[in-house]
Q: 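Dropping the structure in here first, questions after.
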Protein chains: 2
Amino acid sequence: MKKTVESAPAGVKEIARRANVSIGTVDRVLNNRTGVAAKTRERVLEIIKELDYQPNLMARRLASRRTWKFAVLIPSTSSETGYWNAPLAGIRQAAAEIRDFGAQVEVFLFDQNDKQTFTANANSILKQQFDGVLFAPMFEEESLKLIKKCNTKQIPYVFINSDIEGQERLSYIGPDLYQSGHLAAHLVNYLLQDQQEVLIVNISKEMDLHHHLLKKEEGFRAYFRNNKRPVKLNKTDIRQTDYHSVKTKLSKLLRENNIDVIFVTNSRVHTVARFLEESGDVNIRLIGYDFLAENIAFLEKSVIDFLICQKPQEQGHKGVMALYNYLVQGLPVEDAQHMPIDIVTRENYRNYRN
Amino acid sequence: MKKTVESAPAGVKEIARRANVSIGTVDRVLNNRTGVAAKTRERVLEIIKELDYQPNLMARRLASRRTWKFAVLIPSTSSETGYWNAPLAGIRQAAAEIRDFGAQVEVFLFDQNDKQTFTANANSILKQQFDGVLFAPMFEEESLKLIKKCNTKQIPYVFINSDIEGQERLSYIGPDLYQSGHLAAHLVNYLLQDQQEVLIVNISKEMDLHHHLLKKEEGFRAYFRNNKRPVKLNKTDIRQTDYHSVKTKLSKLLRENNIDVIFVTNSRVHTVARFLEESGDVNIRLIGYDFLAENIAFLEKSVIDFLICQKPQEQGHKGVMALYNYLVQGLPVEDAQHMPIDIVTRENYRNYRN
DNA sequence: GAAAATTTCGTGTACGTACACAAAAATAAT
DNA sequence: ATTATTTTTGTGTACGTACACGAAATTTTC
């Protein structure tokens, strides 16, 4: 019971021979161009299916002079957080991979603290002729404007990192915020003994980004609502993100409450870690987000117990590839691609790939 | 300060034009074939460098009739465990990706319980002309024979899933067993209250595979040796892998000892889970290995607390790509590629990708 | 039923590189 | 200096697909 040795895969020529037509006709069927008799088309299609014809991408690319241009619009790396370095790296990697296939990627960066820069870049993108857009719809109102224009211009667009519901986006690639909060709660639940208390910490300047954090908090709280044992959840919002402000607020809180586990809803967990280390509160368990050098340092020292990460680099990569697969390859693209929710600890961070 | 708009990248034709030679000569220089006057070669090389010529991989591949054949030798999926389905899927995926680039992959399967099938397949591989081999060196003695023959035949080979030290393999792709045991211990340490006891369970028929499990156990034990608080570690080996045998052995053990956490060193953790569920020992925490349907079912029901996974599918994919990158692309390949050590729980398994 | 219009199909060239073969130039042998 | 030999260089075809153009077959029009 051996499969026949597969010879060189069949191409248009072989199809043409079997269907008794010329390769021109086969080509018309393959690229469903007009000008083929229905009967002939059917016959050719049958043989194509029968042979399980796979076009040779090399030859296809070589013969076609067509090129594509994709625009990417994401936040620049602020001095405050290096998070967006990772998606950008993934975007660059994808760009390199698809360059030979005629797709070019141009990156535009906006300032997270300045909506104006978002709009300016968006307009710049619209002026040029791009075949697809990948962007982070952080500012809802401004994003909706861009979306609308893309719709009328028939330019497909992909969201990265956050989603806006009810839009005709090609795909959303990003974290599953609610679920990641849920997971955090699950871990906290293991860390927690009976009667112990939890503190939820939101550290964020921008009101807009709050939405992001709230979804995680929601998932976190939902877990404990369904929990068997009752757990007291305290919470604080810290709007001044510098260390001194965080320290002041936290020391007051820890003095007045009996906190055993702290959950920080974003990557600024290292600020809290620094505080705990300096104040010597070594018995407090700490859990937060993102594989950043500052965080890893505290993970290594066991000040942070768990980091939850959602492969930011892969997000960038997948974002670009979604456009490429859809436009260039003509493949179907998943409506939403939620990233895996990784748990990073002192014992596995060395093997982690962002 | 704008870079000049990049026109279509220069090819052999442009080089030939500038050097005042034919494309044939340029071709000879590029592939450093013989038969070019030293002076001419120099002139051409200079222009190549000047233009920063990048060969068009598509065209190169299309024109070159050269093909590669890779052999893969891994265990077949036994009725006992579906583990190897995952690496095989990754191998198949990689094969599809590189097919157009002239690389073909042929898969050979051996029976984990029959060394003879390994040797027979290995010989079959050696008889044919393969350009590279990817295999799981499970049986040391038999593997060494294959390795030796590959060495004399100058065929590069890659190990998957387990490593044999001191060999001139092109690369090793697989789990970091020791470290994954370490991670398991780290998690167990969170689950454990003072004075509580742990049970390590090895369930395995084959003596040979034991080596695998022992490395994990070693990492596990090492963690607790360095631990602040003393933890009592019990251990049992179960050689009969059917449910009844496991049940008998475990019930006796749990009756006589006071076990709070069980660590199963391989994917058979679902057998233990089934036992705990049936016996109603719901307070015992359970941790084991691998993203298999049987295990996920118990993870969902919270009978299993954690599963540790090492991306078996990606292992297969990377194994094939290592051969491809090295032989076809001429790229350097990492000596060892340890997989990430993923923690899968009830709250994140839906997002997990093997 | 012939000419015109339209549909359907086949042929040729191009993409950038590899490689075989032939032509030309340079060198060696007589 | 002429022929033979070797080295160096140029030309042509092929890879599998895309696409323009023109030929053939079919349908429409009068």
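Lettering follows sequence order; numbering is per chain, from 1.
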Q: More than 12 heavy atoms of other residues, nucleotides or ligands under 6.0 Å from NZ of A/K69: is that the case?
A: yes
Q: Got a sec, which residues hit side chain to side chain donor-acceptor pair (under 3.5 Å) with A/Y83, two or more places apart in sequence or on another chain?
A: A/N161
Q: For the CD atom of A/E168 and the NZ atom of A/K148, what is their distance to the nearest 0.5 Å?
A: 12.5 Å
Q: Would you indicate what A/D27 reaches in the nucleic acid, counting non-hydrogen atoms under 4.0 angstrom: base, sugar-phosphate, or nothing?
A: base
Q: For the residue pair B/Y352 and B/F291, categorise the inter-ring angle as parallel (less than 30°), tilted (30 to 60°) or perpendicular (more than 60°).
A: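 Ring orientation, 0 to 90° scale: tilted.
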Q: Does B/I98 form a side-chain contact (heavy atoms from CB on, under 4.5 Å) with B/V328? I'd like the steps, not just the answer.
A: CA-CA 10 Å; B/I98 64 180; B/V328 183; over 6 Å; no
Q: Check nucleotides 8-12 of chain D for protein N or O atoms closer than 3.5 Å to its own N or O atoms and list the pairs.
A:
residue, atom, partner, partner atom, Å
D/dT9, OP1, B/T40, OG1, 2.5
D/dT9, OP2, B/A37, N, 2.9
D/dG10, OP2, B/S22, N, 2.5
D/dG10, OP2, B/S22, OG, 3.0
D/dG10, OP2, B/T25, OG1, 3.1
D/dG10, N7, B/R28, NH2, 2.9
D/dG10, O6, B/R28, NH1, 3.2

Q: Indicate, with yes or no, if the rings of A/F135 and A/F159 have centres closer together than 6.0 Å.
A: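 Ring centres of A/F159 and A/F135 closer than 6.0 Å.
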Q: Mapping A/R65 and A/K13 onto DNA chain D by nearest heavy atom, which one lands closer to the 5' end?
A: A/K13
Q: Give the intermediate values and the outcome of salt bridge (Lys or Arg N to Asp or Glu O under 4.0 Å) for residues B/R169 and B/D163.
A: CA-CA 9 Å; B/R169 52 175 175 56; B/D163 203 1; 2.9 Å; yes
Q: Listed by chain and number, what are the side chain to side chain donor-acceptor pair (under 3.5 Å) partners of B/N121, not counting sequence neighbours?
A: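 Applying side chain to side chain donor-acceptor pair (under 3.5 Å) to B/N121 gives none.
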Q: Please round to 10 degrees the angle between the axis of the first five pairs and the axis of the last five pairs in the helix from C/dG1-D/dC30 to C/dT30-D/dA1.
A: 50°
Q: Which whole-number value in Å describes the distance from A/N32 CG to D/dC19 P?
A: 12 Å
Q: What range of DNA chain C does chain B touch, first nucleotide to last, counting atoms under 4.0 Å from its heavy atoms?
A: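 Going 5' to 3' along DNA chain C, contacts run C/dC15 to C/dC19.
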Q: For A/R17, what residues pass the salt bridge (Lys or Arg N to Asp or Glu O under 4.0 Å) criterion, not counting sequence neighbours?
A: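 Here the qualifying residues are A/E14.
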Q: Between the side chain of A/K153 and the main-chain N/O of A/L126, is any donor-acceptor distance below 3.5 Å?
A: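 Confirmed, A/K153 side chain pairs with A/L126 backbone.
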